[in-house]
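Per chain, numbering begins at 1; letters A, B, ... match sequence-line order. Side chains are part of it too, since the values below use all heavy atoms of this structure and drop only hydrogens, waters and symmetry mates. This one's a predicted model, so the numbers in the text were calculated from it and none came from an experiment.
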Amino acid sequence: MDFGPFLLLALMEGMVMAAVLALTAVGLSLVFGVMRVVNVAHGEFFMLGAVIAWFVTHFMPGPPAVAFAAALVICPLLVGGIAALSDTLILKRLNYDPEATIVATIGLSYIFQQTALTFYGPDARPVLAPFDLRIQLPWFGYSGYKIAVVFAALAILLAVWLLMTRTRAGLIMRATQLDRNTARAFGINVDRVYAAVFALGAGLAAVAAVLIVPIQQAHYLMGHDPLLLSFIVVIIGGLGSLRGTLVAALVIGLSDGVISVFFSPTLAKILATLLVAMVLVFRPQGLFGTKP
Amino acid sequence: MLELSNINAGYGNVQVLRGLSLTAGPGQVTCVMGRNGAGKTTMLRAIMGQISTTAGSITLSGTPLQTLPAHEVPRAGIGYVPQGRRLFGELTVAQNIEIGLMTRGKGRATRDYVLSLFPRLRERLSQRSSTLSGGEQQMLAIARALCLEPSVLLLDEPTEGLQPSMITLIRDTLLTLKSTGVAIVLVEQRVDAVLAMADHIAFVTAGSVAETVPNTGLSTDSAQFKTYVGV
Ligand SMILES: Nc1ncnc2c1ncn2[C@@H]1O[C@H](COP(=O)(O)OP(=O)(O)OP(=O)(O)O)[C@@H](O)[C@H]1O
Ligand SMILES: [Mg+2]
C-alpha cells in the first residue's frame with residue numbers, strides 16, 4: 001500500500017480509538033470534576049460493560065443486531081446502577097475524602113475484577129457486531145461497523161454536552177461542582193447528584209465498552225488500558241474540563257492509531273505517557289484547565 | 001418566627017456556639033453584631049444545617065429544623081445570603097437566579113418581582129456572575145435568596161466592602177421586605193447601618209448572645225457597641 005492510503009487507514013483506526021476513548025475519559029472527567037473523586041475503578045466499569053454485553057448478546061435470542069441494541073441499553077443502566085450503589089454504600093460513607101476514595105476505588109476495582117473472573121471466566125470472548133458491512137474504498141476495504149462506532153460516540157458525546165449545558169439537571173450538576181455547601185443552601189440534594197454523576201460516569205465507560213467489544217473481545221482484565229489512557233487524556237485536557245478532555249482524546253486517539261500502525265502500539269503508549277509527564281511539568285493544570 | 005434556643009455547635013472537636021439563643025419575628029429586622037470570630041457565621045451555618053448542633057433547638061414556626069437534611073432547610077422557607085456572597089461564579093446571572101427559583105419551585109412571577117428590585121441585574125442576565133462588580137454580586141446574592149420567597153432571610157455582612165449608595169439600596173430593599181412580613185436576620189458590623197435598619201440588636205460574644213436590646217434610644221456611641229464590637 002502507498003503511504004497516502006496507509007496514513008488514511010491509520011487515521012481511521014485512530015478515529016475509532018479516539019471516539020471510544022473520549023466517551024470513557026469524559027466519564028472519568030465528569031466524576032472528578034463534580035465529585036473531586038479520582039475513580040480508579042473506572043476501567044473496571046468499562047470491563048463490566050463489555051462482559052455484561054457478552055452475557056446479553058449470548059443469551060438473547062434473535063438476530064445479532066437486536067441483541068446488540070439491547071446490550072447498548074442494558075449495560076450502561078446496569079453498570080450505572082452498580083456505580084450508584086457503590087457511591088451510596090462506600091464513597092458517601094468516606095465523606096468523599098480525596099485520599100480515602102482513591103484507596104476505596106482501588107479496592108472496588110479488585111472486587112469487580114474477581115467477580116468477573118468468577119462468573120465470566122478467564123477467557124476472552126467475542127461479541128458479534130450488530131451488522132457486517134464492508135465499505136470498499138479505492139485502496140482498501142474498511143469495516144462499516146467501525147465507522148458507525150465513531151458516529152455513535154459522537155452522538156452520545158453531543159447528548160452529554162447538551163445535558164450539561166442546556167438542561168436543569170446539568171445546571172444542578174455544575175452548581176454542585178462549583179460549591180456543594182451553597183448548592184445545599186439552595187435545595188440541591190448533593191447526595192443524589194453525586195450518585196447520579198457517578199452512575200453517569202460509569203455508564204459512559206460501559207457504553208464505550210459495548211461499542212468496542214465487537215472489535216476487541218471481552219476479557220476480565222481489559223479495564224487497564226482504558227483506565228490508563230483515560231487518565232492520560234484527563235490530565236492532558238485539564239482535570240474537570242469537558243472541552244479539554246475531548247480535544248485530548250482526539251490527540252491521543254489519533255496519534256495512538258497512527259503510531260501503532262506505522263511503528264508499534266507500545267511506542268504509542270510510551271509517547272503518550274511521556275506527553276503526560278511533559279504536561280505535568282510544564283502545565284500542571286492541563287492544556288485547557290484553569291490555574292487552581 | 002425563627003427560634004434558636006440554647007444551641008451548641010462547632011467544627012470537629014472545636015466548640016464555637018455555646019448555648020446561643022435568638023428569636024427573629026416576622027416583619028422584624030434582627031441585627032446580630034459581634035467581633036470577628038464570635039461565631040456569627042457559624043450560627044447561620046447551623047441554622048442552614050451545614051454544620052450540626054450538639055445541643056439546643058432550632059425551630060421555624062414551631063417546626064424543628066435540625067432533623068432536616070441541609071437541602072430541606074431552604075425548602076422550608078429560609079433564604080441565605082452567605083458571607084462573601086458565594087455565587088456560582090462560572091454560571092451566569094440568569095443561571096444563579098434559576099437555581100434560586102428551583103429551590104422552592106417558583107416561577108416567572110417571582111423572577112420578575114426579584115429583578116424589579118434590582119434592575120441592574122436584568123441588564124446583565126447573560127453575564128458570568130464572577131465578572132460582576134462587588135456591588136452587583138451582592139445584589140445577585142440577595143436576589144438569588146429572594147427567589148425562594150423566603151419567610152426568613154439570613155444575611156451575613158451584605159454591606160462588606162460596598163460604597164454608601166449601594167448600602168442605601170440594600171437597606172431600602174430590606175425595609176421593603178420587612179414590610180411584607182419577612183423575618184430578617186442581619187449580621188452586620190456597621191453601627192450606622194444597624195441603627196438605620198434594626199428592630200432588635202443581638203450582641204454575640206464567645207459563641208452566645210450576651211445581650212439583646214431594642215433599637216430605641218441608641219446612638220453610635222452607646223456603650224454596647226464599645227463593649228461587644230469595639231468601635
Ligand atoms: N470550617 C471551620 N473549621 C474550624 N473552625 C472554624 C471553621 N469556620 C470557622 N471556624 C472558627 O469558628 C470561630 C467562629 O467563626 P465564625 O466564622 O462563625 O466567626 P464570625 O463571627 O462570623 O466572624 P467574622 O466577623 O470574622 O465573619 C472562629 O474561631 C473560626 O476560626
Ligand atoms: Mg462571619
- Message: As an exercise, state the distance from NE2 of B:H71 to CG of A:D191, rounded to the nearest 0.5 Å.
- Response: 8.0 Å

- Query: Just how far is it from atom CE of B:M102 to atom CG of A:L171, taken to the nearest 0.5 Å?
  - Reply: 4.5 Å

Less than 4.5 Å apart, side chain to side chain, heavy atoms only: is that true for [X] and [Y]?
{"X": "A:R168", "Y": "B:E98", "value": "yes"}
{"X": "A:T182", "Y": "B:Y80", "value": "no"}
{"X": "A:R174", "Y": "B:Q95", "value": "yes"}

Minimum heavy-atom separation for [X] to [Y], with atom names?
{"X": "A:G187", "Y": "B:T103", "answer": "N-CG2, 3.7 Å"}
{"X": "B:G89", "Y": "A:L178", "answer": "N-CD1, 4.5 Å"}
{"X": "A:A185", "Y": "B:P74", "answer": "O-CB, 3.2 Å"}

- Query: Where does B:R144 contact chain A at under 4.5 Å (heavy atoms): side chain, backbone, both or neither?
  - Reply: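 Backbone plus side chain of B:R144, per the 4.5 Å heavy-atom cut-off to chain A.
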
- Where does B:L148 contact chain A at under 4.5 Å (heavy atoms): side chain, backbone, both or neither? side chain

- Of the listed B:E72, B:R75, B:R86, the one with the largest count of heavy-atom pairs under 4.5 Å with chain A is B:R86

- Item | A:F151, CZ atom: more than 12 neighbouring heavy atoms under 6.0 Å | no

- Message: With a sphere of 6.0 Å drawn around NZ of B:K106, does it hold more than 12 non-hydrogen atoms of other residues, nucleotides or ligands?
- Response: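 Check passes, neighbour count above 12.
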
